[in-house]
Participant: 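Dropping the structure in here first, questions after.
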Amino acid sequence: MHEMALCESILQIIEEEASKKAFSKVTGIYLDIGQFSCVEPAALKFCFEVVSKTTLAELASININTIPGKGWCRNCLRDIPLSHRFSPCPVCNNRNVIIRQGEEMLIKQLEVA
Ligand SMILES: [Zn+2]
């Protein structure tokens, strides 16, 4: 499962941060998750609960900020909103679109104790 692997890498990053910055407990995790990243927030929260059992991030709250899709049309030479990864440009209907935003999966902030 996609979310399970993601949770394992989140936990790994947190553990590395914990040893660098000397904290022993994480109470909140703030994530930026792009619209096109195929991450299901409910599944992500569930998986994290499973993966974080008996770790420093057990009981941490997961806060997900969904980043909307955005592209750049090579024909119009401007930013355009994208509802799907492979949507054409809504202005000129051209498919020559570069994804600029919506694929992120990052830890924005950690609340530690
Ligand atoms: Zn266009």
Side-chain angles (χ1 to χ4, degrees):
M1 198 195 292
H2 181 62
E3 282 83 3
M4 195 58 101
L6 178 62
C7 287
E8 279 166 358
S9 57
I10 290 171
L11 194 60
Q12 200 183 340
I13 292 166
I14 291 173
E15 282 171 345
E16 280 165 20
E17 284 292 295
S19 64
K20 262 188 272 176
K21 294 179 182 160
F23 57 83
S24 56
K25 201 171 178 218
V26 178
T27 53
I29 300 163
Y30 293 80
L31 302 169
D32 272 357
I33 301 290
Q35 197 188 329
F36 306 140
S37 63
C38 305
V39 172
E40 187 61 54
L44 180 73
K45 285 182 186 178
F46 173 77
C47 289
F48 195 79
E49 237 174 73
V50 173
V51 170
S52 67
K53 278 251 149 54
T54 74
T55 71
L56 77 170
E58 188 178 15
L59 307 177
S61 66
I62 302 271
N63 305 276
I64 295 169
N65 177 33
T66 304
I67 307 291
K70 201 197 270 181
W72 196 75
C73 176
R74 290 194 197 190
N75 190 38
C76 305
L77 303 178
R78 55 178 245 178
D79 279 329
I80 49 165
L82 279 184
S83 49
H84 297 283
R85 184 186 286 267
F86 301 111
S87 296
C89 170
V91 180
C92 70
N93 219 32
N94 196 299
R95 291 196 173 268
N96 204 350
V97 170
I98 304 165
I99 294 175
R100 295 252 286 207
Q101 186 181 281
E103 293 181 309
E104 28 299 87
M105 284 194 274
L106 28 108
I107 302 174
K108 190 90 180 172
Q109 200 192 323
L110 289 178
E111 260 170 25
V112 301

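Just so you know, these numbers come straight off a predicted model, no measurement behind them. For ligands, and for the atoms within them, numbers begin at 1 and follow the listed sequence. Below, all heavy atoms of this structure are taken into account, side chains as well, without hydrogens, waters or symmetry copies.
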Participant: What is the minimum heavy-atom distance between Ile10 and Phe48, and which atoms define it?
Facilitator: CG2-CE1, 3.9 Å
Participant: Does the side chain of Asn75 come within less than 4.5 Å of Asn96's, by heavy atoms?
Facilitator: no
Participant: Quick one: side chain to side chain contact (heavy atoms under 4.5 Å, CB included) partners of Pro41, sequence neighbours excluded?
Facilitator: Ile64
Participant: Which residue pairs pass the salt bridge (charged side-chain N to carboxylate O under 4.0 Å, His left out) test with at least one member in residues 102-113, sequence neighbours excluded?
Facilitator: Asp32-Lys108, Arg85-Glu103
Participant: Between Cys47 and Glu3, which heavy-atom pair has the shortest distance, and what is it?
Facilitator: SG-CB, 3.9 Å
Participant: Excluding sequence neighbours, so at least two apart, what forms side chain to side chain contact (heavy atoms under 4.5 Å, CB included) with Ala113?
Facilitator: Lys25, Thr27
Participant: By residue and atom, what protein N/O/S atoms are less than 2.8 Å from the Zn ion (ligand 1)?
Facilitator: Cys73 SG, Cys76 SG, Cys89 SG, Cys92 SG
